[in-house]
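In what follows, a structure is listed as structure tokens, so that the remarks can point back to it.
Side chains are part of it too, since the values below use all heavy atoms of this structure and drop only hydrogens, waters and symmetry mates. Chain A is the first sequence line, chain B the second, and so forth, proteins listed ahead of strands; every chain is numbered from 1.
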Amino acid sequence: MYELYEFDWSSIPGALPFLWQGMVVSLEITFVAVVFGIVWGTALAIMRLSSVTPLSWFAAGYVNLFRSVPLVMVLLWFFLIIPHLLESLLGFPRGTDMRLGSAIAGFALFEAAYYSEIIRAGIQSVPKGQMAAANALGMNYRQAMQRVVLPQAFRNMVPLLLTQGIILFQDTSLVYVSALADFFGAAYKVGDRDGRLVEMLLFAGAVYFVICFAASQWVRHFQKKLKTA
Amino acid sequence: MISIDNVSKHYGSFQVLADCTTQVSKGEVIVVCGPSGSGKSTLIKCVNGLEPFQKGEITVNGVSVGDPKTNLSKLRSHVGMVFQNFELFPHMSIIDNLRIAQLKVLGRGMDEATEKGFKLLDRVGLRVQAEKYPGQLSGGQQQRVAIARALAMDPICMLFDEPTSALDPEMVNEVLDVMTELAKEGMTMMCVTHEMGFARRVANRVIFMDQGRIVEDDSKDAFFEHARSERAQQFLAKILHH
């Protein structure tokens, strides 16, 4: 006969401070990866659209490489390979904990490939005449990009960039492969320790859902405001 | 002022411009007309190097446009250009549209750029719109702002690429009036336009293009009274009959 599973949520309250620490790690990775991803993604998008063939090939190769491998694998490369490289190249002491740094670097480089595609589409959504008009006024390529094209491109892209940020926040849970205690990792550890894995994973899922759903509703609202402005 | 010498351009095997030669002297107003696809817009965009060309030479004030050593940005900064679709910067207010290139290209100070901007907005009758955004203005108003934006750079000549083609008919005149005034003040102008009334009133010379060639290049009176080529006669017959 089945025995109905009996939920026991009692281990959650005591674990909240530890879970909060995990959430801080998750948010930290998300924030830094979004910022670096957008900066590097912008550079990649500009390279990709450049008429200098080696630059556009490099950017295309980079984007295609990172979009064709699983994120979890990229993270593992960074956990396993980069620390060794740094140890041998820069003489870092053995066993330095670089998991957080590796995770951030892995996410930023991976997400930059996705951001660059969003940004490239954004740049291409700005009418060609805008670049021509800026050039006709004597602005060089850099000035025209910086003052005229990119501000309009980013305005069109904000909702997509934010949405990608929400996806990235969910993806940070993949750092569990390095035993780094992000929010998901922390929940898993507590659940494992107390033998209450089901409850903890349900709770963690609920937290992710609430945060991501609220954020995407806010993006929608923001998008409407942008349209009417 | 502007010298176009044997200029040819092609996209692949398609010839867009074929051996175009003409001169524009200081203070002259030239109207360039012709059927669509005749290369008139391309020709005018070659003058400030927005369109590259493969053969021939164009000089503006003695500076060669096609020479790779030429600082094109510098040359463009004093060749004003007005586009068919206005191309104001939609994310900037009107006054910022007039200031941005003065500040970033000419290196003028904020006060000077602002003063100049307001003066030119006054001139095109749009001072009260200074703080608005391009999207809040009518087409005719936007095109007047675009002319003011070009004038803010103190250009030595002005290029107009079908400045009234995208406008509702009732807004055409407010733009042509600004252009007429500019011509009277002695601005050197090269205008691609179908506005034959404007050509009659203001132009010194009319250039007629067909299939990438300059077919007629004559004084205004000679062009309107006895266009030599059959193609130009047909064009005039069509365009003047409505």
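F83(B) touches chain A through its side chain: at least one heavy atom from C-beta onward sits under 4.5 Å away, while N, CA, C and O do not. For N48(B), the part sitting under 4.5 Å from any heavy atom of chain A is the side chain, from C-beta outward, and nothing else. Interface residue K104(B): backbone and side-chain heavy atoms are both found under 4.5 Å from chain A. Contacts between L72(B) and chain A at a heavy-atom distance below 4.5 Å are absent for every atom of the residue. Only the side chain of Q143(A) comes within contact range of chain B, with heavy atoms under 4.5 Å apart.
Ionic pairing of K116(B) and D154(B) is present here: one or more N-O contacts between side-chain nitrogen and carboxylate oxygen are shorter than 4.0 angstrom. A salt bridge is absent between E115(B) and R108(B); no separation between the charged side-chain nitrogens and carboxylate oxygens falls under 4.0 Å. Using a cutoff of 4.0 Å between basic side-chain nitrogens and carboxylate oxygens, R99(B) and D96(B) are scored as salt-bridged.
Annotation for Y176(A): atom OH does not count as buried by contact number, only 12 or fewer foreign heavy atoms lying within 6.0 Å.
Here the straight-line distance linking atom OG of S77(B) with atom CG of N71(B) works out to 8.0 Å at 0.5 Å rounding.
Annotation: maximal heavy-atom pairing with chain B below 4.5 Å, among P151(A), A134(A), G129(A), occurs at G129(A).
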